[in-house]
Amino acid sequence: MNVSVSPLYTFKNFTDLTEQESDEVLYGRNDPEVRRWMTSDRVISADDHRRFMSGLRGNPHAAYVRIERAGCFAGVYSLNDLAAGSGLGGFWVTAYTRERLLPLNVVFQGMDYMFRALGIERIYGCQKQDNLSAIRLNALLGLALSESGTACAEGMQQIEITKQHWLQSTAQDAKLLKLMNRMEALNGTT
Amino acid sequence: MEQLKKYNTAFVETVGVSEDQLPGLVYQATSGWDSVGHMQLMTQLEDAFGIALEMEDILEFSGYEKGMDILRKYGVEI
């Protein structure tokens, strides 16, 4: 199984979600096991969620994608502040995805979709200097420290990756692909 | 002794703790042993001992000592 072209994964822009899919995103995001990993752990109300979803329509500066694995909702990858093909990356994965040790795979798929399907040229972000979890995940995905661009808050480091680096390095990284393929094989298609 | 060294090395390299911190260490007790660290630890142990862990055992691998019990099922005595 080659994870980088895996048919197991499907993607849908938030602006195209059915009501049921949208509700599933809200419930997934409000799961305490998901909120504990977020910057803000507040519960999002149904009204706020609907306002947010409708605000995305006609907004050229944001792209939110719902990711499914084997037909099950697995997580969300997002880009904000989109301008000139460059965007601020973000993601969250469902509690089930985390339980099944698939976060790396789901985030990889989200980024791959942004670069290949949406044609994004650069993804950047900020990471806490002492957040070993985030630093390791970002390093595995090829996000490297950036010396220019948008500044991050104190105690944070700016990181970035270009589409070229993604296609030529991260998506070809034998060690990373082996790790992800192993988890895909262990999880099967259900 | 060689087996213990391989076992500990896998932890030190993937979870990012020193050997003296290993006894009693449990999953998610340190930021280095998160879900990604767990994946890396499992694949490193598979490579080090030439085994293929079952998903059930990977999910039950909840701590340093528990892992030794699980590996015993695969003929790995530590």
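Lettering of chains follows the sequences in order, A, B, ..., and the numbering in each one begins at 1.
- Remark: the backbone N or O of B:Ser31 is paired with a side-chain donor or acceptor of A:Ser133 at under 3.5 angstrom.
- In this structure, the portion of A:Arg136 lying under 4.5 Å from any heavy atom of chain B is its side chain and not its backbone.
- Between A:Leu186 and the options B:Met55, B:Glu56, B:Glu54, a side-chain contact (heavy atoms from CB on, under 4.5 Å) holds for only B:Met55.
- A:Tyr96 and A:Val76 sit in two unconnected hydrophobic clusters of ILVMFWY residues. Membership requires side-chain heavy atoms under 4.5 Å apart, directly or through other members.
- One hydrophobic cluster, built from ILVMFWY side chains closer than 4.5 Å, holds both A:Val93 and B:Leu59.
- Hydrophobic clustering (side-chain heavy atoms under 4.5 Å, transitive across Ile, Leu, Val, Met, Phe, Trp, Tyr) groups B:Phe49 together with B:Met68.
- Atoms CG and CG, on A:Leu132 and B:Asp34 in that order, are 9.0 Å from each other to the nearest 0.5 Å.
- Crowding of A:Glu21 atom CD: a count of heavy atoms from other residues, nucleotides or ligands under 6.0 Å exceeding 12.
- Criterion: ILVMFWY side-chain heavy atoms under 4.5 Å apart, direct or through other members. Under it, A:Met53 and A:Val34 are part of a common hydrophobic cluster.
- Here B:Thr43 contributes atom OG1 and A:Met183 contributes atom CE; the two are 8.5 Å apart, rounded to the nearest 0.5 Å.
- Interface check for chain B: of the options A:Leu104, A:Leu179, A:Leu137, the most heavy-atom pairs under 4.5 Å are formed by A:Leu179.
- Sparse packing is recorded around NZ of B:Lys5, with 12 or fewer heavy atoms of other residues, nucleotides or ligands lying under 6.0 Å away.
- Atom CD of A:Gln20 is surrounded by 12 or fewer heavy atoms from other residues, nucleotides or ligands within 6.0 Å.
- When the side chains of ILVMFWY residues are joined at heavy-atom separations under 4.5 Å, either directly or via intervening members, A:Phe14 and A:Ile44 end up in two distinct hydrophobic clusters.
- Distance check: A:Arg98 CZ to B:Gln28 CD gives 8.0 Å after rounding to the nearest 0.5 Å.
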So A:Arg182 and B:Met42, side chain to side chain contact (heavy atoms under 4.5 Å, CB included) or not? Walk me through it. CA-CA 10 Å; A:Arg182 181 77 183 107; B:Met42 296 301 108; over 6 Å; no
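- To the nearest 0.5 Å, the span separating NZ on A:Lys175 from CD on B:Gln40 amounts to 7.5 Å.
- For A:Leu101, the parts sitting under 4.5 Å from any heavy atom of chain B are the backbone and the side chain alike.
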As a quick check of understanding, evaluate side chain to side chain contact (heavy atoms under 4.5 Å, CB included) for B:Met39 and A:Leu140, giving each step before the final call. CA-CA 12 Å; B:Met39 281 170 60; A:Leu140 282 167; over 6 Å; no
